[in-house]
Amino acid sequence: MTSTLDLTALFTDPALVAPDPDTGEPSPYAALRRLTDRLGDRPLLTDPDTLRTVLELAAVTDPRLFHTLFLHHCMAIGNAIDQGAADADVAALASGRWIGAALMTEAGRGNSSSGIRTEAEYDSATGEFVLHTPDADAAKHPVNVGRGGVARMGVVSARLRVGGVDRGTNLFLVALRDEHGPCPGVVIEPRPRTALLPVDYATVRFAGARVPYARWLRDGAEITAAGTHHDPLDGPGTRSRRSVSMSRFAWGAVTAGLGAVARAAVVRALAHARGRRTLDRLAGECAALDHLNQQRLLCTATAAALAATVVAHRTTADSWRLAPDGDGPAPTTMRNLSIRKVATGVLADTAVTLARSSAGASGFFSGNGYLEYQGLTTAFRSAGGDNRLILLDAAWSLVHDPDYPAPEPDSVQDHWAELFGHRERLLYTELEQGLDTPDGLTFATWNRHTELAQRLGEAHAARLTAEALHEQWHGPAAPPAHRTVLADLYQLSCLEEVAAHDGWYLAHDLLSASEVLALPGRIDDVCRRLITHVDVLVELLDIPAQLVRGTAG
């Protein structure tokens, strides 16, 4: 395992982000290969601690590099290993000879992976699969494979047909382009440059691309010489769900990156506020950090960034488990991982937004990191699974899961998690009763209740987050020297969650009017205490000083 110190040195090496001679900008693909040369040509997913650190440092250094690394190491190599790719293909990806991509969503299906229409027809005469895109709506989009001169191989989701029979969504390793251009049967159409997270996006269509049998990520399935299809899973629906579970590799990576940029943004904003002098009409010249409004912005941002990191690290640990027997994760596990992706993204975006606000005018210029980080948090509201759809799916799963225990008031020890459990339980009951109609559950009934369903998903995420934070910041793992600060950070995180829904708590008699009116003052008091420990906050945020760019203005 490579130490964090050694890895930090890699990311401060100017050679890592040397400008590309063709574009004049750093190339994330060249940087990926330089990192591979330094770290060795092994699948980093087999060393998850190192991979997580690499992804976090990459996100802080350049979100575009993070995006390239996570797609390569997690979405391509991770799924290749998880679903039985040939050793030679895994080695070719791990060496950087091919750089990996993921081709899952389709242009006309938004962010839904449940209705994949790209087809992979088995050709019994050659033992190959023929990929075909039936129309423009089935094109894979967006995919970061638009740049020429780089050999790319993607994990492609496609509907397998054997003898004309639909066998569900399967995964395939597909050579997309080599150094000379797109591979036969692959049509790549570069898209215009985007303002946020600007990578080489493209739309990809298949027109008879041939995929060898060995590059079918068959996960225990097989097609015999006689053309008979066998799958250990019990039907096309189960196979499709297993293929869609590839998203967990994204959640493990994305949450780590989001937590890292949240911490980096706050560290930069704290440094800016400590050094920035202001002229107050009452106090005269003083530090920006002396102002309560700055304290509240930055302490709340710190709590959100650290909460995002706690949730992210748990997500990474659970997402990247490779099952040796090929069994995919249980539906409950996938639900919990997806909810954590949403929670991390919301907390990280909150932290970056508050940090940018505290930085004033400097928060609106590229080069200080804020805009680049906001691009990442904005992108992953939809990428890696749209947050709103995840919340709706989670709510649907909760009300249809016979084993789901809606939390009871006495099921938790912490009073904050208990309060959030009250909210979740009442929303669960309201949704369950709303869907129970004499006509049965119809689209119209569900459609009327989707806002309620989203609130249930958010409440579920809030309770799970509070429980994770309480365990991490009050349990044996909490550093004794920091326990007072961590206790205040936990209280601040919970107070902000309550304040966001104080009217609901008041309406349901879970808070009194005086308690609601006291919330702003309680938040201010916690922030006043926390800001006296600003050095501890910076230490807890744990961003290498070498990677913190200064801010101006």
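Numbering starts at 1 and runs along the sequence shown. Because only heavy atoms are used, hydrogens play no part in the values below, and waters and symmetry mates are left out as well, while side chains stay in.
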Practice task
Would you indicate whether the side-chain heavy atoms of I116 and K140 approach each other to under 4.5 Å?
Solution key: yes

Exercise for the section: Name all residues meeting the side chain to side chain donor-acceptor pair (under 3.5 Å) criterion together with Y29; count only those two or more places apart in sequence or in a different chain, and write none if there are none. Expected result: N144, R152, D200

Exercise for the section: Give a yes or no answer on whether the side chain of S245 reaches the backbone of R242 with a donor-acceptor pair at less than 3.5 Å. Expected result: yes

Completion exercise
Heavy atoms of S95 and D41 approach each other most closely as CA-CB, 3.5 Å

Problem - Residues R64 and D62 bridged, charged N to O under 4.0 Å - result: yes

Problem - Distance under 6.0 Å and angle within 45° of ring axis: R268 vs Y370 - result: no

Exercise for the section: Could you tell me which residues satisfy side chain to side chain contact (heavy atoms under 4.5 Å, CB included) with R528, sequence neighbours excluded, listed by chain and number? Expected result: L292, Q295, D524, D525

Exercise for the section: Kindly say whether R314 contributes a backbone atom to a donor-acceptor pair with the side chain of R340 at under 3.5 angstrom? Expected result: yes

Practice task
State whether the side chain of R463 and the backbone N or O of F420 hold a donor-acceptor pair below 3.5 Å, judged by distance alone.
Solution key: no

Practice task
Side-chain contact test, heavy atoms from C-beta onward, threshold under 4.5 Å: evaluate it for H470 versus W416 and give yes or no.
Solution key: no

Fill in the blank from the handout: Between the CG atom in L469 and the CG atom in L489, the distance rounded to the nearest 0.5 Å is 9.5 Å

Practice task
Determine whether Q374 and D349 make a side-chain contact, defined as any pair of heavy atoms from C-beta on separated by less than 4.5 Å.
Solution key: yes

Fill in the blank from the handout: Scanning both residues in full, the closest heavy-atom pair of A58 with L69 reads CB-CD1, 3.5 Å

Problem - Any side-chain heavy-atom pair of V156 and V204 under 4.5 Å - result: no

Practice task
Using a 4.5 Å cut-off on heavy atoms from C-beta on, say whether the side chain of E424 contacts that of L456.
Solution key: yes

Problem - Residues in side chain to side chain donor-acceptor pair (under 3.5 Å) contact with T36, at least two apart in sequence or another chain - result: none

Problem - Check: T300 side chain, L297 main-chain N or O, donor-acceptor pair, under 3.5 Å - result: no

Practice task
Could you walk me through whether R215 and D89 pass the salt bridge (Lys or Arg N to Asp or Glu O under 4.0 Å) test, one step at a time?
Solution key: CA-CA 8 Å; R215 286 185 174 165; D89 286 328; 3.0 Å; yes

Practice task
Apply salt bridge (Lys or Arg N to Asp or Glu O under 4.0 Å) to the pair R274 and D290, showing each step before the final yes or no.
Solution key: CA-CA 9 Å; R274 295 176 86 173; D290 291 341; over 6 Å; no

Practice task
Please test D6 against L10 for side chain to side chain contact (heavy atoms under 4.5 Å, CB included), starting from the C-alpha separation and ending with a verdict.
Solution key: CA-CA 7 Å; D6 291 339; L10 282 181; over 6 Å; no

Practice task
Write down the atom of A308, the atom of T344, and the distance for their closest heavy-atom approach.
Solution key: O-CG2, 3.7 Å

Exercise for the section: Identify, with sequence neighbours excluded, every residue that meets side chain to side chain donor-acceptor pair (under 3.5 Å) alongside T316. Expected result: none

Handout entry: Member of T105, T194, T203 meeting the side-chain contact (heavy atoms from CB on, under 4.5 Å) criterion with P142
Key = T105

Practice task
Any chance you could measure L391, atom CG, to Q454, atom CD, to the nearest 0.5 Å?
Solution key: 5.5 Å

Problem - Ring geometry between F66 and F380 (parallel below 30°, tilted from 30 to 60°, perpendicular above 60°) - result: perpendicular

Exercise for the section: Output the distance between atom CG (L57) and atom CZ (R52), rounded to the nearest 0.5 Å. Expected result: 10.5 Å

Exercise for the section: Would you confirm whether R483, through its side chain, and A478, through its main-chain N or O, come within 3.5 Å as a donor-acceptor pair? Expected result: yes

Problem - Backbone N/O of T8 and side chain of Q546: donor-acceptor pair under 3.5 Å - result: no

Exercise for the section: Answer yes or no: does atom CZ of R34 have more than 12 heavy-atom neighbours from other residues, nucleotides or ligands under 6.0 Å? Expected result: yes

Exercise for the section: Kindly compute the distance separating CG (L419) from NE2 (H501), expressed to the nearest 0.5 Å. Expected result: 11.0 Å

Practice task
Hey, could you give me the CG/CG distance between L376 and L371, rounded to the nearest 0.5 Å?
Solution key: 13.0 Å

Practice task
Take atom CZ of R388 as the centre, draw a 6.0 Å sphere, and report whether it contains more than 12 heavy atoms from other residues, nucleotides or ligands.
Solution key: no

Completion exercise
Looking only at heavy atoms, the pair that brings L306 and L540 closest together is CD2-O, 3.5 Å

Exercise for the section: Determine, step by step, whether L270 and L541 satisfy the side chain to side chain contact (heavy atoms under 4.5 Å, CB included) criterion, reporting the C-alpha distance in whole Å, the side-chain angles of both residues, the deciding distance to 0.1 Å, and the verdict. Expected result: CA-CA 11 Å; L270 282 168; L541 289 164; 3.9 Å; yes

Practice task
Tell me whether the centres of the aromatic rings in F70 and H73 are closer together than 6.0 Å.
Solution key: no

Problem - Check: N368 side chain, S362 main-chain N or O, donor-acceptor pair, under 3.5 Å - result: yes

Exercise for the section: Could you check if a side-chain atom of M104 sits within less than 4.5 angstrom of a side-chain atom of S243, using non-hydrogen atoms only? Expected result: no

Exercise for the section: Report yes or no: does S240 contribute a side-chain atom to a donor-acceptor pair with the main-chain N or O of T169 at less than 3.5 Å? Expected result: yes

Handout entry: Donor-acceptor pair between H313 and E56 side chains, under 3.5 angstrom
Key = yes

Exercise for the section: Return the set of residues passing side chain to side chain contact (heavy atoms under 4.5 Å, CB included) with C299 (not counting sequence neighbours), or none when no residue passes. Expected result: L492, C527, L530, I531

Completion exercise
Looking only at heavy atoms, the pair that brings Y373 and P63 closest together is CD2-CG, 4.1 Å

Problem - Set of residues satisfying side chain to side chain donor-acceptor pair (under 3.5 Å) with respect to T350, sequence neighbours excluded - result: none

Exercise for the section: Please round to the nearest 0.5 Å and tell me the distance separating atom OG1 of T484 and atom CZ of R529. Expected result: 10.0 Å

Exercise for the section: Answer yes or no: is there a donor N or O on one side and an acceptor on the other, between the side chain of H272 and the main chain of A359, under 3.5 Å? Expected result: yes

Problem - side chain to side chain contact (heavy atoms under 4.5 Å, CB included) between F11 and V60, worked out - result: CA-CA 10 Å; F11 283 91; V60 172; over 6 Å; no

Exercise for the section: Answer yes or no: is there a side-chain heavy-atom contact under 4.5 Å between R97 and R33? Expected result: no

Problem - Polar side-chain atom of H72 near backbone of I99 as donor-acceptor pair, under 3.5 Å - result: no

Exercise for the section: Go through M334 and W251 one step at a time and tell me if the side chain to side chain contact (heavy atoms under 4.5 Å, CB included) criterion holds. Expected result: CA-CA 10 Å; M334 288 294 290; W251 297 333; 3.6 Å; yes

Problem - Side-chain donor-acceptor contact under 3.5 Å, K341 with S247 - result: no

Handout entry: NZ/NE/NH1/NH2 to OD/OE distance under 4.0 Å, R42 and D47
Key = yes

Practice task
With the side chain counted from C-beta on, respond yes when Y201 and P190 share a heavy-atom pair under 4.5 Å apart, and no when they do not.
Solution key: no

Practice task
Of all the heavy-atom pairs spanning C74 and A253, show the shortest one and how long it is.
Solution key: SG-CB, 3.7 Å

